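All residue numbers refer to positions in the sequence shown, counting from 1. Values in this document were obtained by computation on a predicted structure and should not be read as measured data. When a ligand or atom number is given, it counts from 1 through the structure's own listing order.
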Amino acid sequence: MSLAPSSTEPRIIVALDTPHRDLVTSLIQHLDPSLCRLKIGKELFTACGPALIGQLRQRGFDIFLDLKFHDIPNTCAAAVREAARLGVWMVNVHASGGSEMMRASREALAEFENPPLLIAVTVLTSFSEEAFGELGFGPSIADVTKRLAGLAMAAELDGVVCSVHEVAGLKAAYGDSCLTITPGIRPVAAPDQPVQSKPDDQKRVASPEEARAAGSDYLVIGRPITQARDPGAVLRAIHASLPAAK
Ligand SMILES: O=C(O)c1cc(=O)[nH]c(=O)n1[C@@H]1O[C@H](COP(=O)(O)O)[C@@H](O)[C@H]1O
């Protein structure tokens, strides 16, 4: 079954990585919910709590709750259930928590009429091949990503977080039944686009155009938008640079 977003759904997910509620309040004045969804991660959620999710939903934004749960199956599944109760659009767990943990998380969502998309993080985009090698998990990032994605698909998750560099391989293996959510997006600065392209701590990066060409379903973009002088203009420029959806 294809889970790919429709042509009118926003594919950009803006990562709100700040502990400051007032910064979020002023940032979202510049963001159009028809062009983007919002991601609340560990920093913002720890600082501001679940109430913020309701407030942002009321402003028309779908919320990706990115807490990357990674625990024993019972604990992880219970956390995923609580995330669903908050009415989020997407929630994630670490695929390296294993098949049983992912299956339990999937089962925890069975009671919901409109469950959130349940996504597995594969290999973080901040890993280079060299740093990943130190962990001794496998021959290469591409191999381990494919293996973890296979476990996620077998556990009936909806897709994976990976870098743009792994998308084509995953789409070839699993098609549109595996949504690909790609952080590590860095727009290529162009004279007519007020965008920046510093990699920061990301190692496996790609431009928005490369992400869509590879088949990425959703692009997670934080600092290039949130730290821009005009976040709304950067969002619109990136949106406009994406090829029209099929
Ligand atoms: O799960 C994620 O969202 C995630 C996974 C991953 O492999 N890499 C990654 O950068 N992220 C998140 O995506 C966002 C990227 O932010 P920027 O690097 O500022 O664009 C951050 O909020 C990260 O927590």
Side-chain angles (χ1 to χ4, degrees), residues 11-20 23-24 27 31 36-48 52 56 62-70 76 79-80 83 88-97 102 105 116-129 131-132 135 137 141-142 144-146 148-149 152 157-167 170 178-189 195-208 210-211 214 216-228 231 234-235 237-239:
R11 289 175 181 271
I12 298 171
I13 302 173
V14 178
L16 302 173
D17 291 323
T18 169
H20 303 297
L23 275 186
V24 171
L27 179 66
L31 304 179
C36 69
R37 279 141 162 156
L38 301 178
K39 182 170 84 71
I40 296 182
K42 293 183 172 82
E43 183 183 11
L44 185 58
F45 190 79
T46 304
C48 294
L52 183 64
L56 295 177
D62 287 335
I63 304 298
F64 171 14
L65 184 61
D66 167 31
L67 297 180
K68 297 187 183 68
F69 296 129
H70 188 176
C76 190
V80 165
V88 300
W89 160 73
M90 179 181 280
V91 60
N92 60 3
V93 302
H94 264 291
S96 54
M102 288 193 278
S105 301
L117 292 166
L118 179 60
I119 302 296
V121 178
T122 56
V123 177
L124 294 168
T125 54
S126 51
F127 272 109
S128 64
E129 207 67 67
F132 186 68
L135 302 179
F137 284 171
I141 289 176
V144 173
T145 300
K146 207 164 177 182
L148 291 172
L157 269 63
D158 298 310
V160 298
V161 180
C162 61
S163 91
V164 169
H165 305 275
E166 292 94 48
V167 169
L170 296 182
C178 180
L179 288 175
T180 51
I181 291 88
T182 56
I185 303 294
R186 288 297 180 270
V188 177
V195 294
Q196 62 176 62
S197 54
K198 252 185 328 129
D200 306 300
D201 51 350
Q202 301 285 6
K203 301 299 185 304
R204 303 193 326 284
V205 298
S207 70
E210 289 167 331
S216 170
D217 295 295
Y218 294 104
L219 286 62
V220 177
I221 311 177
R223 288 162 285 189
I225 291 176
T226 59
Q227 294 185 6
V234 177
L235 172 63
I238 296 174
H239 176 78

Going by heavy atoms in the side chains, are [X] and [Y] under 4.5 Å from each other?
| X | Y | answer |
| --- | --- | --- |
| D158 | I119 | yes |
| K68 | V161 | no |
| I13 | W89 | yes |
| V123 | F137 | no |

>> Does F132 form a side-chain contact (heavy atoms from CB on, under 4.5 Å) with T145? I'd like the steps, not just the answer.
In response: CA-CA 11 Å; F132 186 68; T145 300; over 6 Å; no

>> Within this structure, what is the CZ-CD1 distance for the pair R37 and I12, rounded to the nearest 0.5 Å?
In response: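 These two atoms lie 11.5 Å from each other.
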
Quick one: which ligand 1 atoms are inside 4.0 Å of a heavy atom on [X]?
| X | answer |
| --- | --- |
| A15 | 14 (C), 22 (O) |
| R186 | 17 (P), 18 (O), 19 (O), 20 (O) |
| V161 | 1 (O), 5 (C) |
| V220 | 13 (O), 14 (C) |

[atom]: nearest protein contact (heavy atom, Å):
| atom | result |
| --- | --- |
| atom 8 (N) of ligand 1 | T125 OG1, 2.7 Å |
| atom 23 (C) of ligand 1 | K39 NZ, 3.9 Å |
| atom 10 (O) of ligand 1 | Q202 NE2, 2.8 Å |
| atom 2 (C) of ligand 1 | K68 NZ, 3.3 Å |

> Of the listed options (I40, L124, D66, D17), which comes nearest to atom 3 (O) of ligand 1 when hydrogens are ignored and any heavy atom counts?
Replying inline: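 Answer by nearest heavy atom: D66.
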
> Contact between Q227 and ligand 1, counting heavy atoms under 4.0 Å?
Replying inline: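 It does not; every heavy atom stays at 4.0 Å or beyond.
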
